[in-house]
Every structure is written in structure tokens, then in C-alpha cells.
Amino acid sequence: MNVRRSAAALAATVAVLGAATPAVAAPSPSPSPSVAIPDGLYGDADPTYDGVWRQSLALLAQDTAGVVPAPEAVGWLTGQQCADGSFAAFRADPARACGARTAVDTNSTAAAAQALAALGGRRAAVDKAVGWLKSVQNKDGGWGYTPGGATDANSTSVVVGALAAAGERPAEVRADGHSPYDALLKLALPCADGGAFAFQPDQKGKLTANDDATAAAVVGALGKGLAGASPKPTGTPPGCADATDAGQAARNGAAHLVEALADDRHLTSALPGAEDQPDYGNTADAVLALTTAGHGDLAAPALRWLESHAADWAARGGPAAYAQLILAADALGSDPRSFGGHDLVKLLGATGPAPAETPTPRQEERPADDGGSWSVLWWVGGLCLVAAVGAVLALRGRGRAGRS
């Protein structure tokens with residue numbers, strides 16, 4: 001769920017070429033967009049390649065943080081849907097019907113379905129999106145970025161999240177007898193090669209470990225979506241074993257991510273012709289993936305690193321970057337409103353229309369293990385004490401009145 005989706009055109013090219021790497025985090029779109037930024041859309045960068053993606057992440061992150069998004073923001077997203085249920089990365093003129101040349105894709109559709117499902121009240125739009133996704137499932141059980149494109153780990157995983165969000169059982173969504181989990185299992189490397197996931201096989205069928213694909217596939221193989229999950233920690237480090245099912249493949253992928261984060265507490269972006277540099281987006285994805293796999297304790301050092309280093313990156317990346325950090329922080333039980341001295345929820349909201357409602361700290365749910373239950377007991381006890389004092393004073397008042 002990297003900001004890599006801002007380079008959707010590159011993703012489509014990569015899929016056609018059958019390369020072994022996913023759509024990488026390309027430079028941000030031009031600060032002077034070639035299209036007008038429509039009302040309701042988050043971010044002021046050119047939305048041509050990532051409008052629906054960044055809007056979906058923004059809405060999902062706001063919902064996760066307990067914020068009710070602006071109606072115009074939700075309306076913009078629903079207005080991007082084609083009649084057949086699919087979404088393109090961006091349609092400048094939603095009033096014009098989608099046609100054969102409309103560049104719809106699985107990632108935008110699956111992300112939008114997850115966001116709309118989380119917000120509730122938009123069942124028809126979600127069902128249409130999922131119906132379209134089912135109609136373009138590959139025979140190996142997975143999905144490529146574009147309909148009919150070669151299956152890749154990232155696209156398959158984000159579609160699994162959409163299926164789960166819509167109440168479907170991903171294991172039962174099959175094409176030619178194969179489920180999405182079958183497709184992900186075929187993209188898992190054996191333990192001898194580290195247990196990670198590949199994005200796609202190369203032209204010779206070889207699998208190459210990819211941290212981005214691994215973070216996405218761990219979440220997908222566990223049947224979760226872009227917001228991940230926060231299960232109770234397993235208490236034991238993940239280990240690699242022969243994977244005969246998606247669950248074990250996810251555990252193997254988690255073990256790979258733990259090792260990849262061990263030295264620097266962050267993942268590294270290695271692009272041809274460029275110096276290696278920290279990969280903030282994929283590090284946030286890895287935190288969410290490890291937490292979803294029950295290893296939040298092992299992801300905590302990476303989240304602390306992000307708190308200290310990711311502010312400038314998020315400011316450049318805009319709404320999708322803020323959303324990634326919010327989702328990673330929330331998954332691990334950290335407060336995204338106090339993230340390295342920054343209120344990520346407020347910063348995200350400032351990139352688009354003001355939310356309809358932002359909860360106060362008293363409205364927010366407190367984790368069961370953070371002392372919240374004791375806070376309630378103290379509160380109730382305080383009321384009882386006040387009531388008792390009031391009763392005593394009342395009795396004394398009556399006594400004085402009787403003696404006067």
C-alpha cells in the first residue's frame with residue numbers, strides 16, 4: 001500500500017513487461033498538475049495516476065482514527081465509480097460514462113471498495129466493485145494491476161482486502177478452481193531463499209524477494225485489508241517453515257521482514273542508478289504487516305524510527321503518506337495524533353475538505369489494557385464521593401435549620 005500507486009502508469013508498464021519488481025515509489029506528481037484539482041479530493045498534486053488510491057487511503061485512515069470524513073470527500077470517491085463497478089485511477093469528468101478506453105484497474109477498485117465498506121451505508125457501490133473484481137480474476141486465482149494482467153502479489157493482496165471488507169470469504173472466491181491464496185502461495189519463496197514474497201515471476205519464471213510485495217502479501221495472505229489488524233502478540237518470533245498454505249507463507253514473510261528491519265529499523269529503497277535510501281512507505285507497510293501477523297512487539301522499533309524520521313517524507317507525499325503512517329500507528333496501538341510531535345490526523349485533514357466530525361479524546365475508545373477500566377472506576381468512585389459529601393452537607397443543613 002505504498003505511495004507507489006502514484007505511479008500507476010509505471011505499474012501497468014511493469015505488468016506488461018513481466019518484470020520482477022512492483023511499481024516503485026516514483027517521484028511525486030508535478031506540483032503544478034495538468035488537471036484541475038476537483039472539490040472534495042485530498043491532496044493538491046496531480047491526481048491522474050493516484051486520485052482514487054490516495055482518496056481511499058485518506059478516508060480509510062480517517063475512519064480508523066474515529067473521524068467522520070467530509071461528505072464531499074466521500075461523494076467525490078463514489079462519483080468516480082464506473083457503471084460496471086470498477087474504478088480508474090482518476091476520471092476528470094465523472095459525468096462522462098466509462099468506455100473501453102477508460103483505464104480501470106484492480107488496485108483503485110479494491111482500495112475504494114475497502115474505504116466505502118469501512119464508512120458504511122454504501123453497500124451497493126461496494127457490491128458492484130467486488131462483483132467487477134470477481135469478473136476479472138485470473139485463472140491462477142490472483143489479480144494483476146490491469147484486468148487480464150499477470151498476477152502480482154500486491155494487486156492480489158489488495159483485492160483480498162476488498163473481498164474481506166465486503167463480507168466475502170476470499171478462499172471461496174475461485175477461478176478455474178484456484179483461490180487468491182493459491183496465487184499468493186505460488187509467489188512465496190522457499191525458506192532456503194528467505195521466505196519472502198516476490199512481486200511477480202520474471203520472464204524466466206524466477207521469483208525474486210521483494211520487501212514491498214512481502215509486506216502486502218503478509219496482510220493479504222492473512223485475509224486482511226489495508227488497515228490491517230491488531231491481534232494479541234504471539235509472544236514468539238516468527239520462524240520460516242515449508243509453506244503448504246497461505247498462513248504459513250504469511251508467517252515466513254513476517255520472519256523475512258523482521259530480519260530486513262533488524263539492522264537499521266527501516267527498509268531500504270534500491271533503485272537502479274540511484275543511491276540507496278530509507279523507504280518510509282514500505283517501512284510503514286512492514287509495521288502494519290508484522291502487527292497483523294501478531295508481531296507488533298517486533299515492529300515497534302521500526303515505528304519509533306518512523307516517528308523520528310518520516311515527517312518530511314509525509315509532508316512531501318501528502319494524503320496517502322499521512323494515511324500510511326496513521327494506519328501503521330493505529331495498528332500498533334500508538335496515537336497518530338501524537339506521532340513524533342505531529343498530529344497526523346490533523347495534517348491529513350488539512351490536505352482536503354474539513355472532516356464532518358472529529359472526536360474529542362473523551363469520545364475515543366481506550367484500549368482495554370491501557371488503564372481505561374481503572375479510569376472508569378476512578379470516575380465512578382469520584383461521583384460516589386461527591387454524592388456522599390453532598391448528602392452529609394444536606395443533613396448538616398437540616399440540622400442547623402431544625403435548631404434555628
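Note that the structure is a prediction, hence the values are computed from the model and not measured.
- Counting heavy atoms from C-beta outward, W53 and N107 have side chains that approach closer than 4.5 Å.
- Annotation: K128, atom NZ; neighbour count of heavy atoms from other residues, nucleotides and ligands within 6.0 Å is above 12.
- Taken from OH in Y49 to OG in S108, the straight-line distance is 13.0 Å, to the nearest 0.5 Å.
- Here N138 contributes atom CG and T156 contributes atom OG1; the two are 7.5 Å apart, rounded to the nearest 0.5 Å.
- In this structure, the side chain of Q62 does not engage the main chain of L57 through any donor-acceptor pair within 3.5 Å.
- For D242, the CG atom sits in a loose shell: 12 or fewer heavy atoms of surrounding residues, nucleotides or ligands are nearer than 6.0 Å.
- Heavy-atom minimum distance, A45 versus I37: O-CD1, 3.4 Å.
- Atom CD of Q137 is separated from atom CH2 of W143 by 3.5 Å, given to the nearest 0.5 angstrom.
- The backbone N or O of A88 sits nowhere less than 3.5 Å from a side-chain atom of Q80 that would complete a donor-acceptor pair.
- Side-chain N or O atoms of T106 include none that pairs as donor or acceptor with a backbone N or O of S155 at under 3.5 Å.
- By the neighbour-count criterion of 12 heavy atoms within 6.0 Å, atom CG of D245 is densely surrounded, having more than that number from other residues, nucleotides or ligands.
- Note that the OG1 atom of T351 and the CG atom of D44 stand 8.5 Å from one another [nearest 0.5 Å].
- Heavy atoms of other residues, nucleotides or ligands lying less than 6.0 angstrom from CD of E259 number 12 at most.
- Here the closest heavy-atom approach between residue A249 and residue A243 is recorded as N-CB, 3.8 Å.
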Please test T234 against H295 for side chain to side chain contact (heavy atoms under 4.5 Å, CB included), starting from the C-alpha separation and ending with a verdict. CA-CA 6 Å; T234 64; H295 303 292; 3.1 Å; yes

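- In terms of modelled atom types and a separation under 3.5 Å, the side chain of Q200 and the main chain of A153 share no donor-acceptor contact.
- The nearest pair of heavy atoms linking A166 to V130 is CB-CG2, 3.6 Å.
- Side-chain atoms of N252 come within 3.5 Å of backbone N or O of A241 as a donor-acceptor pair.
- Counting heavy atoms from C-beta outward, V68 and P355 have side chains that stay 4.5 Å or more apart.
- The stretch residues 224-267 participates, sequence neighbours left out, in these ring pair (Phe, Tyr, Trp, His ring centres under 6.0 Å) pairs: H266-W305.
- D140 has its side chain out of reach of D182: every pair of non-hydrogen atoms, C-beta onward, lies at least 4.5 Å apart.
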Would you check, one step at a time, whether the test side chain to side chain contact (heavy atoms under 4.5 Å, CB included) holds for V218 with T292? CA-CA 8 Å; V218 166; T292 300; 5.8 Å; no

So L119 and L59, side chain to side chain contact (heavy atoms under 4.5 Å, CB included) or not? Walk me through it. CA-CA 8 Å; L119 296 175; L59 297 178; 4.2 Å; yes

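- At a threshold of 4.0 Å, the pair D50-R54 counts as salt-bridged, since one of the basic side-chain nitrogens sits closer than that to a carboxylate oxygen.
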Pair L344-R337, side chain to side chain contact (heavy atoms under 4.5 Å, CB included): steps then yes or no: CA-CA 5 Å; L344 299 176; R337 292 178 175 81; over 6 Å; no

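- Side-chain atoms of S179 come within 3.5 Å of backbone atoms of Y181 as a donor-acceptor pair (strictly under, hydrogens ignored).
- N282 places no side-chain N or O within 3.5 Å of a backbone atom of D285 that could act as its donor or acceptor partner.
- A distance-only check finds no donor-acceptor pair linking the side chain of Q81 to the backbone of S86 [under 3.5 Å].
- Annotation: side chain of T109 is in contact with side chain of W132 (closest heavy-atom distance under 4.5 Å).
- For the pair T214 (side chain) and F197 (backbone), a donor-acceptor distance under 3.5 Å is present.
- Between L303 and the options V287, T283, L325, a side-chain contact (heavy atoms from CB on, under 4.5 Å) holds for only V287.
- Rounded to the nearest 0.5 Å, atoms CG (L290) and CG (D297) are 9.0 Å apart.
- Contact detail for V219 and A289: the closest heavy-atom pair is CG2-CA, 3.7 Å.
- Of all heavy-atom pairs spanning V35 and P47, the tightest one is CG2-CD, 3.5 Å.
- At distances below 3.5 Å, not a single donor-acceptor pair connects side-chain atoms of T268 with backbone N or O atoms of P278.
- Considering OG of S230 and CG of L332, their distance stands at 7.5 Å, rounded to 0.5 Å.
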Run D330 and T64 through side chain to side chain donor-acceptor pair (under 3.5 Å) and show every step you take. CA-CA 8 Å; D330 181 82; T64 298; 5.3 Å; no

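- In plain terms, the two heavy atoms of V173 and P180 that are nearest each other are O-CD, 3.2 Å.
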